[in-house]
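First up is the structure itself, then whatever we jot down about it.
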Amino acid sequence: MKRVMVNMNRVMIASALMCLVGCSTEGGKQVNIADENSSKVSAVESELNAQKASGSPEMTITKQGYSLNLVRVMDGAACKNELEGAKGTFLMYASPIDIERIKKNQGNQIFSEFAVKIQTFAEQALQEAVENTNLAKDPFDLSEEISQQKLVKELSGNFQNYIAEAEEGFTKETSLTIAIKGFLPSFTIFQQGCNATLPEADSDEFKAN
């Protein structure tokens with residue numbers, strides 16, 4: 001499918017953000033795809049409910065036993081075609097221990113390079129997620145809000161699937177443990193005209209201090 005448009009701006013985390021209201025085998029054992037997908041949907045739904053309840057993103061999350069801090073906020077948008085697409089805010093978390101070690105060994109300037117790499121694969125993951133999510137409204141949904149929530153959950157699950165491999169590759173290359181998650185209450189699903197215009201970025205670097 002032809003790529004129409006994708007855009008992701010980077011902004012430094014600020015206090016104003018607090019006002020914001022995904023058949024394989026493993027070890028020879030077959031994985032039940034239906035159960036696996038159901039588990040992912042449940043996880044995304046729980047995350048959406050938690051984010052809506054708090055009205056703000058988590059400042060710290062845990063990934064594979066590592067404590068990661070929120071260090072960067074990215075506004076992202078992608079179009080599937082002239083009518084359909086999505087826009088939302090994405091949160092980048094990173095290990096503070098890794099950041100301090102890298103700053104000491106390589107200096108602060110390395111984080112500008114990291115920011116470019118992260119932006120590139122985040123854009124790619126968002127575009128893949130948008131293109132592989134059915135963004136059409138379900139005629140059986142009771143309301144526009146229910147329809148939007150269902151699509152946001154599906155899109156977020158697809159985004160996490162696509163970005164997981166990129167995150168792992170980035171960590172292996174740079175030794176910086178990261179995670180990128182969508183701030184789901186900020187998502188807008190376009191169905192009658194895609195608008196991938198984003199505000200100007202305040203900075204290309206994430207918070208490494």
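- Two different hydrophobic clusters hold Leu151 and Leu83 under the rule that ILVMFWY side chains link at heavy-atom gaps under 4.5 Å.
- Interatomic distance, OG1 of Thr133 versus CG of Leu155, reported as 4.5 Å (0.5 Å rounding).
- Under the side-chain hydrogen bond (donor to acceptor under 3.5 Å, both in side chains) criterion, Lys150 pairs with Asp138, Asp141, sequence neighbours left out.
- Here Asn108 contributes atom CG and Ile99 contributes atom CD1; the two are 10.0 Å apart, rounded to the nearest 0.5 Å.
- By the salt bridge (charged side-chain N to carboxylate O under 4.0 Å, His left out) test, Glu167 is found to be paired with Lys63, residues two or more places apart in sequence or in another chain being considered.
- Not counting sequence neighbours, the partners of Asn69 by the side-chain hydrogen bond (donor to acceptor under 3.5 Å, both in side chains) test are Thr60.
- The two residues Phe183 and Pro57 come nearest to each other via the heavy atoms CE1-N, 3.5 Å.
- The backbone N or O of Glu58 sits less than 3.5 Å from a side-chain atom of Tyr93, completing a donor-acceptor pair.
- Between Phe170 and Phe114, the angle of the ring planes goes over 60°, which puts this pair in the perpendicular group of the 30/60° scheme.
- Side chain of Thr89 to main chain of Ser186: no donor-acceptor pair is present (N/O by atom type, distance under 3.5 Å, no hydrogens or angles).
- Applying the salt bridge (Lys or Arg N to Asp or Glu O under 4.0 Å) rule to pairs touching residues 106-121 yields Lys117-Glu173, sequence neighbours excluded.
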Margin query: Before you tell me yes or no, could you show the steps for Leu68 and Ile178 under side-chain contact (heavy atoms from CB on, under 4.5 Å), namely the whole-Å CA-CA distance, both residues' side-chain angles and the distance that decides it to 0.1 Å?
Written below: CA-CA 7 Å; Leu68 309 183; Ile178 65 169; 5.8 Å; no

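- Screening residues 157-196 for disulfide bond (SG atoms under 2.5 Å apart) gives Cys79-Cys194 as the qualifying pairs, with residues at least two apart or on separate chains.
- By the side-chain contact (heavy atoms from CB on, under 4.5 Å) test, Ala164 pairs with no residue at all, sequence neighbours left out.
- With contacts defined as side-chain heavy-atom distances shorter than 4.5 Å, the pair Arg72/Ile118 qualifies.
- With sequence neighbours left out, Ile97 forms a side-chain contact (heavy atoms from CB on, under 4.5 Å) with Ser95.
- Judged as a side-chain contact (heavy atoms from CB on, under 4.5 Å), and not counting sequence neighbours, the contacts of Ser175 are Arg101, Ile102.
- Taking all atoms of both residues into account, the shortest heavy-atom contact from Asn134 to Lys80 is CA-NZ, 4.2 Å.
- Side chain of Gln191 to main chain of Leu135: a donor-acceptor pair is present (N/O by atom type, distance under 3.5 Å, no hydrogens or angles).
- Interatomic distance, CZ of Phe121 versus CG of Leu126, reported as 13.0 Å (0.5 Å rounding).
- No side-chain donor-acceptor contact under 3.5 Å links Lys87 to the backbone of Phe190.
- The line from NZ of Lys181 to CE of Met92 is 13.5 Å long, rounded to the nearest 0.5 Å.
- With sequence neighbours excluded, the residues forming a side-chain hydrogen bond (donor to acceptor under 3.5 Å, both in side chains) with Tyr162 are Asn132, listed by chain and number.
- Gln119 CD to Ile180 CD1: the interatomic distance, rounded to the nearest 0.5 Å, is 10.5 Å.
- Taking all atoms of both residues into account, the shortest heavy-atom contact from Thr171 to Thr177 is OG1-CA, 3.7 Å.
- Among residues two or more places apart in sequence or in another chain, the salt bridge (charged side-chain N to carboxylate O under 4.0 Å, His left out) test is passed with Lys172 by Glu168.
- Take Thr174 and apply the side-chain hydrogen bond (donor to acceptor under 3.5 Å, both in side chains) test, not counting sequence neighbours, and it matches no residue.
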